[in-house]
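Taking it in order: structure first as structure tokens, then the write-up.
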Amino acid sequence: MNIKTRKLTFGAMVAAIFGVLLLLNRQSGGLFSDLFLFILPIPMTAYSALYGGKSGFPVFICMAFLSFFCGDYSSFFYAICEAFTGWVFGTCLNQKRDPGKTM
């Protein structure tokens with residue numbers, strides 16, 4: 001399988017999962033917003049841990065646009081912060097940094 005195609009499709013899948021979680025939170029009236037603060041960084045962390053921070057930046061930008069279009073005003077800020085946290089943590093995992101310093 002082509003590596004570039006795999007990277008693109010996995011990034012699109014990660015962004016789609018992020019968008020579905022935001023839509024689910026919005027449709028439930030923010031019922032799951034406290035729980036999603038812990039779940040939202042996981043897709044971006046998985047992508048950045050596999051492909052690195054340089055490849056994770058376009059996915060982060062895509063997540064920012066999704067949070068702007070699919071979320072409400074209060075969740076926009078939280079979604080951007082959670083995606084950024086996942087991006088940084090995944091990059092540190094990819095570079096095999098010391099877990100004590102990463103946390």
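If you read the sequence from its start, that first residue is 1, and numbering goes on from there. In what follows, every heavy atom counts, from backbone to side chain, and hydrogens, waters and symmetry copies are set aside.
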Is there a chain of hydrophobic side chains (I, L, V, M, F, W, Y, each step under 4.5 Å between heavy atoms) that links Phe57 to Leu8? no
With sequence neighbours excluded, what pairs up with Phe65 under the ring-ring contact (aromatic ring centres under 6.0 Å, His included) test? none
By ring-ring contact (aromatic ring centres under 6.0 Å, His included), which residues pair with Phe68, not counting sequence neighbours? Phe76
Phe10 atom CZ, over 12 foreign heavy atoms within 6.0 Å: yes
Is a donor on one side and an acceptor on the other found under 3.5 Å between the side chain of Thr9 and the backbone of Arg6? yes
Connected via hydrophobic side-chain network under 4.5 Å: Phe77 and Ile39: no
Of all heavy-atom pairs between Ser67 and Ile80, which one has the smallest distance, and what is that distance? OG-CD1, 3.5 Å
Could you pull out every donor-acceptor pair under 3.5 Å between side chains of residues 13-21 and any protein atom, sequence neighbours left out?
none

Linked, directly or transitively: Leu50 and Phe84 (ILVMFWY side chains, under 4.5 Å): yes
Could you list the donor-acceptor pairs under 3.5 angstrom formed between side-chain atoms of residues 28-35 and any protein atom two or more places apart in sequence or on another chain?
from	atom 1	to	atom 2	distance (Å)
Ser28	OG	Leu24	O	3.1
Ser28	OG	Asn25	O	3.1
Ser33	OG	Gly30	O	3.1

Test Met44 against Ser48 for side chain to side chain contact (heavy atoms under 4.5 Å, CB included), laying out the working first. CA-CA 6 Å; Met44 189 65 200; Ser48 294; 3.5 Å; yes
Applying ring-ring contact (aromatic ring centres under 6.0 Å, His included), name anything that partners Tyr51, two or more places apart in sequence or on another chain. Tyr47
Going by chain and number, the hydrophobic cluster around Leu66 (ILVMFWY, side chain to side chain under 4.5 Å) further includes none
Side-chain heavy-atom pair Arg26, Cys70 within 4.5 angstrom cut-off: no
How many angstroms lie between CZ in Phe60 and OG1 in Thr91, if you round to the nearest 0.5 Å? 11.0 Å
State yes or no: do Ile61 and Met63 share one hydrophobic cluster built from I, L, V, M, F, W and Y residues joined by side-chain heavy-atom distances below 4.5 Å, directly or via other members? yes
Non-hydrogen side-chain atoms of Leu40 and Leu22 separated by less than 4.5 Å: yes
